[in-house]
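Positions are given from 1, in the same order as the sequence printed here.
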Amino acid sequence: RLAAADSLNQSSAQVAVFVGQGVGGVLFRVLGAPLLFLIDGLSYLFSAVSELFIRIPQALPERGRSWAELYAAFKRDTAEGFSYVWKRRGMRNFFLAVAVLNFFSMPLIVLLPFYVTDVLKTTADWYGFILAAHGGGALLGYAVAGALRLPVRVRGPAVVGALLAAGLLFAGLGLTDVPWVALTITALTGVMSGFININIVTVLQQSTPSRIRGRVFGLLTTLSMGLAPLGLGASGVVADLLGRDVPLIYIGVGVISGALTLLIALDPAFRNYLSEEAAPPPPEASAT
């Protein structure tokens, strides 16, 4: 029941994001940015203090290790995770696909304020509404992914189809200047995103042995988050070069994402990986 558990886990965080983004635009207009930044900073301090009272039963790491030993262990663990992924073509291509598509989604985030004011020609409230629509759609996507429990033979085509749909929806944002249409498209994009994310996490959990799972997830996060700043920076450069033509950039992002998805989907190893069965559990010790 990994998909259902992942769905509940993601949904718990997304509810807070959904509410916060929904009222963020209104609060920005009413209170202004300085006060909102102050409240945000205080919320982090509150969170930090509250964590002082958390007690988790766990095996603590050994003490007294030098920085050299810690760095050597870090390099060893990172190399082991990279080697595990690289030797499995389907998983390797899966990682590259996630990282590249995450890179090309960055313009949507960077240019959204300009899209709201210059294209939709509406108030700052709509920036929050559109973000909230994406969050609400993601919640629905989590619920769908957790409830469907897709057979492994269906999961691969379903994920590829969702990736293609997300690309088309990205392009659709560049073809409309009607706020309610943009809101609907963004919500549908959130549905696709939530569905894809749950299935990605489930595939990794099922196909990776527990002893290496943390390193594999860490590598995926490093690749995705490492490319994010480059994508954010490139978005600003491209926007300047194109005279801040946000619709054209959104259409381009959608077309590129769809084309990359089709290209990656042609690889049999990638399709097989998405439909991979759960990794076998370690053998139990015989009772003698």
Side-chain angles (χ1 to χ4, degrees), residues 1-7 10 76-106 141-142 144-146 148-171 189 191-228 230-231 253-283:
R1 303 177 62 187
L2 276 175
D6 289 332
S7 173
Q10 295 281 354
R76 182 175 63 252
D77 291 346
T78 303
E80 185 178 0
F82 183 83
S83 175
Y84 181 87
V85 172
W86 189 259
K87 291 177 181 178
R88 291 157 177 80
R89 177 178 168 182
M91 180 181 283
R92 182 179 69 217
N93 292 348
F94 173 79
F95 272 47
L96 292 175
V98 171
V100 171
L101 290 173
N102 188 60
F103 173 84
F104 280 104
S105 69
M106 291 300 105
Y142 295 153
V144 170
L148 285 181
R149 299 185 187 178
L150 294 174
V152 290
R153 67 179 183 279
V154 177
R155 183 172 59 199
V159 171
V160 171
L163 287 169
L164 286 172
L168 292 175
L169 290 168
F170 290 161
T189 303
V191 173
M192 296 300 114
S193 176
F195 178 82
I196 292 166
N197 287 340
I198 293 300
N199 280 283
I200 284 176
V201 172
T202 302
V203 168
L204 278 176
Q205 289 175 327
Q206 288 184 336
S207 62
T208 310
S210 59
R211 66 173 183 83
I212 197 74
R213 189 175 295 143
R215 296 163 200 175
V216 169
F217 270 93
L219 181 59
L220 177 62
T221 303
T222 300
L223 284 174
S224 300
M225 295 299 100
L227 285 177
L230 297 177
V253 167
V255 170
I256 292 173
S257 297
L260 286 174
T261 299
L262 285 175
L263 182 63
I264 295 166
L266 293 176
D267 180 19
F270 174 77
R271 298 196 304 271
N272 292 337
Y273 177 72
L274 290 179
S275 300
E276 190 170 320
E277 297 279 0

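- Looking only at side-chain heavy atoms (C-beta outward), Thr78 and Arg215 stay at 4.5 Å or farther from each other.
- In this structure, Ser207 and Tyr273 approach most closely via the heavy-atom pair OG-OH, 2.9 Å.
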Mind listing the side-chain donor-acceptor pairs of residues 88-102 below 3.5 Å, one per line with the distance, residues two or more places apart or on another chain?
| from | atom 1 | to | atom 2 | distance (Å) |
| --- | --- | --- | --- | --- |
| Arg88 | NH1 | Tyr84 | O | 2.8 |
| Arg89 | NH2 | Asp267 | OD1 | 3.0 |
| Arg92 | NH1 | Trp86 | O | 2.8 |
| Asn93 | ND2 | Asp267 | OD2 | 2.4 |
| Asn102 | ND2 | Ser224 | O | 3.0 |

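- Taking 4.5 Å as the limit, every side-chain heavy atom of Met106 sits out of range of all side-chain heavy atoms of Val253.
- Val160 and Ala265 get closest at one heavy-atom pair: CG1-CB, 3.8 Å.
- Here CG of Leu266 is found 7.0 Å from CZ of Arg271. Values are rounded to the nearest 0.5 Å.
- Atom-to-atom distance recorded for Ser193:OG and Leu169:CG is 11.0 Å, nearest 0.5 angstrom.
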Step by step, work out the side chain to side chain contact (heavy atoms under 4.5 Å, CB included) result for Val201 and Asn197.
CA-CA 6 Å; Val201 172; Asn197 287 340; 5.6 Å; no

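- Between Arg213 and Leu204, the closest side-chain pair of non-hydrogen atoms is not below 4.5 Å.
- Applying the salt bridge (charged side-chain N to carboxylate O under 4.0 Å, His left out) test to Arg153 and every residue at least two apart in sequence or in another chain returns nothing.
- No donor-acceptor pair under 3.5 Å is formed between the side chain of Ser83 and the backbone N or O of Ala79.
- Here the shortest heavy-atom pairing between Gly167 and Ser257 reads CA-CB, 4.3 Å.
- Leu168 is not listed as a side-chain neighbour of Leu164, based on a closest heavy-atom distance of 4.5 Å or more.
- Side-chain contact between Ile212 and Pro209 is present, with at least one heavy-atom pair separated by less than 4.5 Å.
- Atoms CD1 and OG1, from Ile256 and Thr261 in turn, are 11.5 Å apart once rounded to the nearest 0.5 Å.
- Closest approach of Gly81 and Leu219 over heavy atoms only: O-CD2, 4.0 Å.
- The structure places CZ of Phe82 at 11.5 Å from NZ of Lys87, a figure rounded to the nearest 0.5 Å.
- Contact between Asn199 and Ala145 at its shortest, heavy atoms only, is ND2-CB, 4.0 Å.
- Two residues are said to be in side-chain contact when any heavy atoms from C-beta on lie closer than 4.5 Å; Ile196 and Ile200 meet this criterion.
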